[in-house]
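Here is the naming used below: chain letters follow the sequence lines, and residue numbers restart at 1 for every chain.
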There are 2 protein chains.
Amino acid sequence: MTSSRATLIQVAQRAGVSLASTSRALHGTGASPAMVERVRAAATELGYSPDAIGRSLRLKKTFQVAFAVADIGNPVYVEMMTAIHEVLAPHGYRVVVMTTGDTTTSTAELVRSLSSGFVDAMILSPLRTDDALVEEIRQATVPVVVIGRSLADRGIDSVSTDSAGGIGEAVQHLLGLGRRRLTFLNGPLDTTPGEARQRGFDAATRTKGFTGERADAVVAADFTVAAGLAATRALLDAADGDARPDAIVAANDLLAIGAVRAVRERGLAVPQDVAVTGMDDTEIGRVFQPSLTSVSLGSTERGRAAAQLVVDLVDGDAQPGRHLAVGPRLVVRESTDPAAGDGVSAGTPDDGTGGGHR
Amino acid sequence: MTSSRATLIQVAQRAGVSLASTSRALHGTGASPAMVERVRAAATELGYSPDAIGRSLRLKKTFQVAFAVADIGNPVYVEMMTAIHEVLAPHGYRVVVMTTGDTTTSTAELVRSLSSGFVDAMILSPLRTDDALVEEIRQATVPVVVIGRSLADRGIDSVSTDSAGGIGEAVQHLLGLGRRRLTFLNGPLDTTPGEARQRGFDAATRTKGFTGERADAVVAADFTVAAGLAATRALLDAADGDARPDAIVAANDLLAIGAVRAVRERGLAVPQDVAVTGMDDTEIGRVFQPSLTSVSLGSTERGRAAAQLVVDLVDGDAQPGRHLAVGPRLVVRESTDPAAGDGVSAGTPDDGTGGGHR
DNA sequence: CCTCGGTCTGGAAACGTTTCCAGATTTCCG
DNA sequence: CGGAAATCTGGAAACGTTTCCAGACCGAGG
């Protein structure tokens, strides 16, 4: 407990040289070899390690970056966080996790708290944005990179994906498989993803290129398995025979799992009778039986890109206002194509459990 | 970008009073109402917000706590992190995520880095521990709370669970259901959990109270679905008829899922022909069909407990060396009991996707 | 031999905050 | 009304680091 509380001053005294020289010697710039040797010796003797706070105060740099989301347990955000950490750690930056709360107000408050200067930058993935929040971000005393919609026009660095386009990809995939009666299983429409994905489905099915017979949409109470199950049950109750969909496009993997369950309850087969697609490409969808065809929104890529923007902004001399888009990517598995891999043979690096300790 | 860069000195000048009085007025101690009013006004006028670094330097307190594990994407650790964050945030502490690397050496190195004083404490869940690491933790300049095995005898705060006992609970549960031929599906034995869980299985089956006919163990290559699938296939290939197990105790949920798949491949039913239990009680096991009976090791509780220990240690005046044990808890679901809930009706607060945005 | 340039060193300031200490002013009570 | 006590204020130091600045020293070239 007593070790390593040595300060630079003590090292200087021990080495019998000035504070300035000591700093230079350890920092490796403009000191004679003899001096370096001498100071190094004193430093190791005392078990010296530089104080991060003193250093930060002088340098006006904390070597910390905040990552703020509403729910840090959400697998999508966990993926982002992991990617962010992987990019930032080699650059010497620590990652501080924070929560935004549910509202734009609480998010704006969090952004305002940046003015106390405990981080060099923030990566923010807000649930939704409004003008007040955007303005707060612009006024922030440290760079903020937003994962969500593009804010390039407001001079804010941002990374986005195209979930609407992703739904379109799922629709095209199903049409390509010969499916003709599509139902979109969405979550609440008053959410940002719910709204965007609905837009994507409408765009894909109300175009001239739409070769199907029908395209309906139902809304589940929430983005959960239970809600997906209930909504799909109702859907199947209401329609049978030719009215029954032969494909369900779900707005995320959990809804898709609920849909699969409901379909099977009716004695129907997935994908033979009803094909199902999900979105987010989560571990849970990969492991499920049948493994889920899902639209990956590239959470890892988005996290990585955001972190890279931060590095440029903080280390280098980049100007804010850049925007990066990560394209959606359809991953075909059993829930639409029985012949597709089941995701098990492919090595899943994460074993999903504390039991994975080596 | 120009806002909130005001310093306390500027506030003092603006208010026309001394620096000392300004600090007191804002901090609310020993200042006259008039002074408080005056300083407050100046502060809001300038949009002042106190600098965290200057504050930390003076107070010798960072208001940050590190959480370090090998793999921050691992759901078990994510659960811990979430719980830790929930406990610490209300106390005004930020959470810094760090990775230990795979070896005890790299972990010890991380602990040593604490001497630069960027956090007030660390919560560490090491893959494994050795004497050098324990010694490093003892020497650390800030309190370290270990999640893993008890280190009370070394004067280090720790939180542990009893995975061995948890396996015992699974065994008892299966015996209670009338199962007689048990097979333990473990991961690599040279891992800490692998070793402990094997010990638990042996203890539960080699005792006088063991009412079964046989108890075997197989070892999968890894704690993954694929490894569980392969190992269980081999197991079923080798034995049939009466030799076939009527219950499989898996060392974690992913292995259990692999086992379920292999059993079904053979045209056997879960749980009727073969009952399966997992461990860790992950979301993935709850959602899987059949939903998995699993032994929860209370990751949330352990995280919460560790965070509470940190708060006591840093805020209060507790002495290190305490130890808390979180008991394992068996959650019965469909993979052993067809009548058990499938985990879907029970509200899962986390929707597992970015699509859950409100 | 003088001067110039380069290399190296030490003093001191600065980053922004909190708090000790002493002095000044007010309040209270005898 | 005098003195003690209580209340309030300002100066200054301290936390630990980096870096500007000036000065010292040395060697080389004129």
pair B:Asp102-B:Leu127: side-chain heavy atoms closer than 4.5 Å: yes
Sugar-phosphate only, base, or nothing, as touched by A:Ser23 at under 4.0 Å among non-hydrogen atoms: base
Touch class at under 4.0 angstrom, heavy-atom based, for A:Leu59 against every strand present: sugar-phosphate
Show which side-chain atoms of residues 307-314 of chain B pair as donor or acceptor with protein atoms under 3.5 Å away, not counting sequence neighbours.
unit_1: B:Gln308; atom_1: NE2; unit_2: B:Asp312; atom_2: OD1; d: 3.4
unit_1: B:Asp312; atom_1: OD2; unit_2: B:Arg322; atom_2: NH1; d: 3.2

B:Phe118 backbone acceptor or donor facing B:Ser116 side chain under 3.5 Å: no
Parallel, tilted or perpendicular, as decided by the 30° and 60° cut-offs, for the rings of A:Phe67 and A:Tyr77: perpendicular
Which residues share a salt bridge (charged side-chain N to carboxylate O under 4.0 Å, His left out) with B:Glu136, sequence neighbours left out: B:Arg112
A:Arg55 CZ to C:dG16 P, straight-line distance once rounded to whole Å: 18 Å
Atom-to-atom span, CZ of B:Phe118 to P of D:dG16 - whole angstrom: 17 Å
Given D:dG16, D:dT19, C:dG16, the nucleotide with the shortest approach to the side chain of B:Lys60: D:dG16
Position toward the 5' end of DNA chain D (nearest nucleotide), B:Gly54 or B:Pro33: B:Pro33
Sugar-phosphate, base or nothing in reach of A:Leu57, heavy atoms under 4.0 Å: base
Expected rows: protein N/O vs nucleotides 24-26 of chain C N/O, under 3.5 Å:
none

Distance in angstrom units between B:Lys61 NZ and C:dT19 C1', rounded: 17 Å
For residues 33-41 of chain A, which side-chain N or O atoms pair as donor and acceptor with protein atoms under 3.5 Å away, sequence neighbours left out?
unit_1: A:Arg38; atom_1: NE; unit_2: A:Ala15; atom_2: O; d: 2.9
unit_1: A:Arg38; atom_1: NH2; unit_2: A:Ala15; atom_2: O; d: 3.2

For atom CG of A:Leu8 and atom C1' of D:dA14, their distance in whole Å: 16 Å
Rounded distance in Å - CD (B:Gln13) to P (C:dG16): 12 Å
A:Val145, A:Ile156, A:Leu114, A:Thr129 screened by side-chain contact (heavy atoms from CB on, under 4.5 Å) with A:Ile137, the one that passes: A:Ile156
Any N/O pairs under 3.5 Å between the protein and nucleotides 9-11 of chain C? List them or say none.
unit_1: C:dT9; atom_1: OP1; unit_2: A:Ser32; atom_2: OG; d: 2.8
unit_1: C:dT9; atom_1: OP2; unit_2: A:Ser32; atom_2: N; d: 3.2
unit_1: C:dG10; atom_1: OP2; unit_2: A:Ser18; atom_2: N; d: 3.1
unit_1: C:dG10; atom_1: OP2; unit_2: A:Ser18; atom_2: OG; d: 3.3
unit_1: C:dG10; atom_1: OP2; unit_2: A:Ser21; atom_2: OG; d: 2.8
unit_1: C:dG10; atom_1: N7; unit_2: A:Arg24; atom_2: NH2; d: 2.9
unit_1: C:dG10; atom_1: O6; unit_2: A:Arg24; atom_2: NH1; d: 3.1

Spacing between B:His27 atom NE2 and D:dT9 atom C1', to the nearest angstrom: 18 Å
B:Arg302 and B:Thr161 side chains, donor-acceptor separation under 3.5 Å: no
Length of the line joining A:Asp51:CG and C:dC15:P, which is rounded to integer Å: 19 Å
Where at least one partner belongs to residues 12-31 of chain B, residue pairs that pass salt bridge (charged side-chain N to carboxylate O under 4.0 Å, His left out), sequence neighbours excluded: B:Arg14-B:Glu45
d(CD1, A:Ile53; C1', C:dT17) in whole Å: 12 Å
Short side-chain N/O contact to C:dT17 OP1/OP2 from B:Thr7, under 4.0 Å: yes
